[in-house]
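Just so you know, these numbers use all the heavy atoms, side chains as well, and skip hydrogens, waters and symmetry mates.
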Amino acid sequence: MVNGRDLKFHIATLPRMADADNSARVGVDVGGTFTDVILQHADGRATIRKLLSTPPNYDVAVVEAVAALGTGIPIDDVVHGTTVATNAVLEHRGARTALVTTAGFRDVLELRRLRIPRMYEPFWRKPEPLVPRRLRFEIGERVAADGTVLRPLDEDEARAVAGRLREAGVESTAVCLLHSYLYPKHEERLGAILREELPGAAVSLSSEILREQREYERSATTVVNAYVRPLMERYVGAIRRGLDDAGVEAPLTIMQSSGGVMTADDATLRPVLALESGPAAGVVASLGIARRLGFANAITFDMGGTTAKASLIEHGAVSRGREYEVGGSLSAGSRLMRGAGELLRIPTIDIAEVGAGGGSLAWLDPAGGLQVGPRSAGAAPGPACYGRGGEEPTVTDANVFLGYIPEGPLADGEIVVSRERAERALERVAEPLGLSTIDVAAGIHAIANARMTRALRSVSSEKGRDPREFALIAYGGAGPLHALGLAEELGCRTVLVPALAGLFSSLGLLYARPEFHEVRTCHLDARAVGASELDVVFDELKRRLDGVEFVRSAELRYGGQTWEIEVDVDDPADLHAVIAAFEDEHERLYGIRGETGSPIEIRALRLAALGPEPSLFFPSDNVSPAEVARTRWADLGAGMVEVPVRSRDSLAEPADGPLLVDEYDTTVVVRPGWTARRDFATGTLILEVA
């Protein structure tokens with residue numbers, strides 16, 4: 001019993017770790033509805049826990065679960081993935097933030113970029129900036145592009161600005177001065193003055209967050225960092241204090257959007273790097289499964305309680321990006337969808353995210369049309385079928401009524417699923433539409449699939465990839481319920497459902513490596529630059545980083561273009577290979593390549609430092625219930641029929657759909673025309689077109 005809550009645990013059998021010792025590791029992933037915890041023991045076992053999240057104080061569930069799991073067990077480290085920062089941006093509940101910038105650049109945030117997400121919608125309006133104009137302050141300093149100081153920083157004026165910030169009651173300040181990505185002295189001095197004058201407020205400098213050219217991207221990224229920083233400081237601090245009070249002294253590390261981990265201290269200073277930390281963990285785990293099973297190309301699909309996420313694994317590597325937009329109807333790194341949210345320049349796994357999850361609410365628009373999401377019931381009150389006060393219908397309620405989710409205790413029994421409560425909620429939209437409850441439930445399921453298909457296509461077909469050539473890896477508590485319907489829509493013929501699918505992102509946290517990034521903006525002719533010039537820059541970046549492995553990359557563009565494409569630099573001496581990789585990717589993305597000899601520019605050089613790689617482990621037992629011959633009424637497209645219910649362990653031999661695979665953390669829906677079999681080495685359920 002911890003804080004009055006009865007915490008129950010389940011054991012999954014894992015292959016023994018190669019470097020086993022007496023320590024254990026914990027991965028904790030916080031979602032909008034559930035908090036998932038995996039403790040990896042040194043002897044090859046894993047203790048798992050899935051409990052309801054505790055909004056708005058999400059740290060409470062984290063501390064309770066880790067403290068109870070770690071009783072009597074020495075814990076080596078706690079790796080945490082969270083959407084706290086993302087949710088703060090989505091819900092506009094971050095800190096009261098100000099921006100201080102060079103005179104003449106006050107409205108950069110408002111001007112944004114020209115691209116808009118809905119070109120032919122005349123009434124579309126840009127989203128309001130996170131920092132209103134009254135909290136954007138100019139300061140009279142100026143540094144030229146070559147570093148010449150045209151106007152020195154006036155320290156008296158800086159202190160006067162600090163006084164105005166104090167009067168405005170700001171909690172956090174972003175500082176972004178012109179050309180500070182190369183010449184940061186003015187910005188650093190201004191930051192020191194603001195920290196001296198405003199000791200209780202956080203100060204984020206663009207030269208510490210993003211040392212890259214382009215004022216809007218740099219300003220927007222720094223502002224988002226400032227906007228979520230006080231919240232992240234409180235959140236991480238509460239977890240640290242809670243763990244210390246519980247006697248868990250293990251280091252706390254935070255997952256980055258790039259798929260690596262950073263220290264808790266770094267996460268509080270640069271929380272913008274962790275904006276997509278939870279979803280990134282699932283992609284990291286998917287890469288491990290794909291490699292183990294021999295799938296070089298896969299689309300990852302993660303459906304939780306609030307959102308659905310998709311990403312791409314290609315040629316045995318995750319797809320990465322440098323730009324990410326959060327806050328629109330589709331949060332993604334696609335250049336085709338821009339302008340609806342906050343644009344960030346951060347190292348990130350290329351993930352597309354839509355507001356469609358198990359807790360997404362179904363509602364009627366003013367025209368009487370059925371809609372799903374992006375509002376979610378979350379953990380409190382949750383879907384109506386949970387019996388925790390929710391009355392509006394959700395995707396989960398529809399899935400319960402369709403027979404996909406069984407009635408009775410869910411996960412550890414904290415909630416009990418009721419089909420009757422789901423039916424009452426669905427009737428709220430069925431009656432105005434004049435439809436039967438089963439038709440409305442099927443409609444909600446189909447609309448949710450349509451919304452999620454947007455994310456899947458965003459990372460595949462919209463980037464020149466044919467999804468029919470990829471396997472689909474489905475996880476998250478609701479992912480396996482919808483996976484085959486989505487696979488049929490995309491044309492995927494193989495779907496992989498890993499063991500512990502509902503806790504898969506917390507498993508991915510334990511695969512992540514420490515990761516640090518540095519970048520240098522430059523203007524180099526790719527066809528004329530020498531390898532020695534690149535080596536000088538890479539060596540300088542390397543001196544600022546610490547790691548056991550370094551990955552070099554460069555951003556290139558054709559002369560006259562506005563945007564760059566990032567490619568790996570395996571050998572700086574072989575620039576022909578770098579240029580060829582850029583032109584191939586340009587043709588894949590845009591359908592064209594430059595004429596022979598077209599000028600190509602190198603606009604930035606990047607270096608990523610990676611720490612030691614943890615040992616991978618895969619659950620071989622998904623804590624399935626004991627196999628009992630039984631059926632459940634479900635509608636898999638042909639009306640309500642009795643469908644066999646199996647356990648994952650029983651599928652050593654291929655079994656034909658329709659069937660349902662009930663598990664501790666999810667249900668796998670196997671539609672007619674598909675077969676299911678279990679891979680013994682990893683416990684993965686492999687679904688294939690019959």
- Decide yes or no for L52 and F34: does some side-chain heavy atom of the first lie under 4.5 Å from some side-chain heavy atom of the second? yes
- Message: Quick check: do S258 and L273 have side-chain heavy atoms less than 4.5 Å from each other?
- Response: no
- Note on the structure: In T35, T306, D36, the residue satisfying side-chain hydrogen bond (donor to acceptor under 3.5 Å, both in side chains) with S53 is T35
- State which residues pass side-chain contact (heavy atoms from CB on, under 4.5 Å) with T453; sequence neighbours excluded, sorted by chain then number. R457, L486, E489, L490
- Item | Pair D397-T394, side-chain hydrogen bond (donor to acceptor under 3.5 Å, both in side chains): steps then yes or no | CA-CA 5 Å; D397 294 310; T394 66; 2.9 Å; yes
- Should the heavy atoms of other residues, nucleotides or ligands under 6.0 Å from CG of D245 be counted, would the total exceed 12? yes
- Note on the structure: What one should report as the nearest heavy-atom pair of G27 and L510 is N-CD2, 3.6 Å
- Is there a donor-acceptor contact under 3.5 Å from the side chain of Y664 to the main chain of K50? yes
- Query: Does atom CZ of R375 have more than 12 heavy-atom neighbours, drawn from other residues, nucleotides or ligands, at distances under 6.0 Å?
  - Reply: no
- Item | Residues which pass side-chain contact (heavy atoms from CB on, under 4.5 Å) with D302, listed by chain and number, not counting sequence neighbours | K309, Y475, S505
- Task: Can you measure from CD1 (I299) to OG (S319) and round to the nearest 0.5 angstrom?
- Result: 11.0 Å
- Does any non-hydrogen side-chain atom of D265 lie less than 4.5 Å from one of L269? no
- Task: Step by step, work out the side chain to side chain contact (heavy atoms under 4.5 Å, CB included) result for D29 and L503.
- Result: CA-CA 8 Å; D29 177 51; L503 299 98; over 6 Å; no
- Item | Expected output: side-chain S257 to main-chain T348 donor-acceptor under 3.5 Å | no
- Task: To the nearest 0.5 angstrom, please state how far the CG atom of L500 sits from the OG atom of S506.
- Result: 8.0 Å
- Message: Working to the nearest 0.5 angstrom, can you tell me the gap between I686 CD1 and L651 CG?
- Response: 11.5 Å
- Shortest non-hydrogen contact from G508 toward A285: CA-CB, 3.5 Å
- Given side chain to side chain contact (heavy atoms under 4.5 Å, CB included), test V669 with L484 step by step and report yes or no. CA-CA 7 Å; V669 176; L484 293 193; over 6 Å; no
- Item | D679 side chain vs T682 backbone, donor-acceptor pair below 3.5 Å | yes
- Would you say the side chain of E64 lies within less than 4.5 Å of the side chain of T54, judging by non-hydrogen atoms? no
- Query: Got a donor-acceptor contact below 3.5 angstrom from the S286 side chain to the G282 backbone?
  - Reply: yes
- Message: Any non-hydrogen side-chain atom of H80 less than 4.5 Å from a side-chain atom of V26?
- Response: no
- Message: Taking V284's backbone N and O only, do any of them form a donor-acceptor pair with Y511's side chain (distance below 3.5 Å, no angle check)?
- Response: no
- Query: Where the side chain of R648 meets the backbone of R678, is there a donor-acceptor pair that is under 3.5 Å apart?
  - Reply: no
- Do R451 side-chain atoms and V372 backbone N/O form a donor-acceptor pair below 3.5 Å? yes
- Message: What's the separation between atom CG in D662 and atom OG1 in T667, rounded to the nearest 0.5 Å?
- Response: 4.0 Å
- E549 side chain reached by E613 side chain, heavy atoms, under 4.5 Å: no
- Query: Taking the inter-plane angle between the rings of H445 and Y404 on a 0 to 90° scale, is it parallel (under 30°), tilted (30 to 60°) or perpendicular (over 60°)?
  - Reply: perpendicular
- R241: what forms a side-chain contact (heavy atoms from CB on, under 4.5 Å) with it, not counting sequence neighbours? A238
- Short question: side chain of S277, backbone of T82 - any donor-acceptor pair under 3.5 Å? yes
- Query: How about R320 and P347: do any of their side-chain heavy atoms sit closer than 4.5 Å?
  - Reply: no
- With no hydrogens and no angle check, is any side-chain donor or acceptor of T396 less than 3.5 Å from a backbone partner on G358? yes
- Query: Can you tell if the side chain of L456 reaches within under 4.5 Å of the side chain of F470, non-hydrogen atoms only?
  - Reply: no
- Message: Is there a side chain to side chain contact (heavy atoms under 4.5 Å, CB included) between N399 and H482? Walk through the geometry before answering.
- Response: CA-CA 9 Å; N399 287 333; H482 293 256; 3.1 Å; yes
- May I ask you to decide if E515's main-chain N or O and Q256's side chain share a donor-acceptor pair within less than 3.5 Å? yes
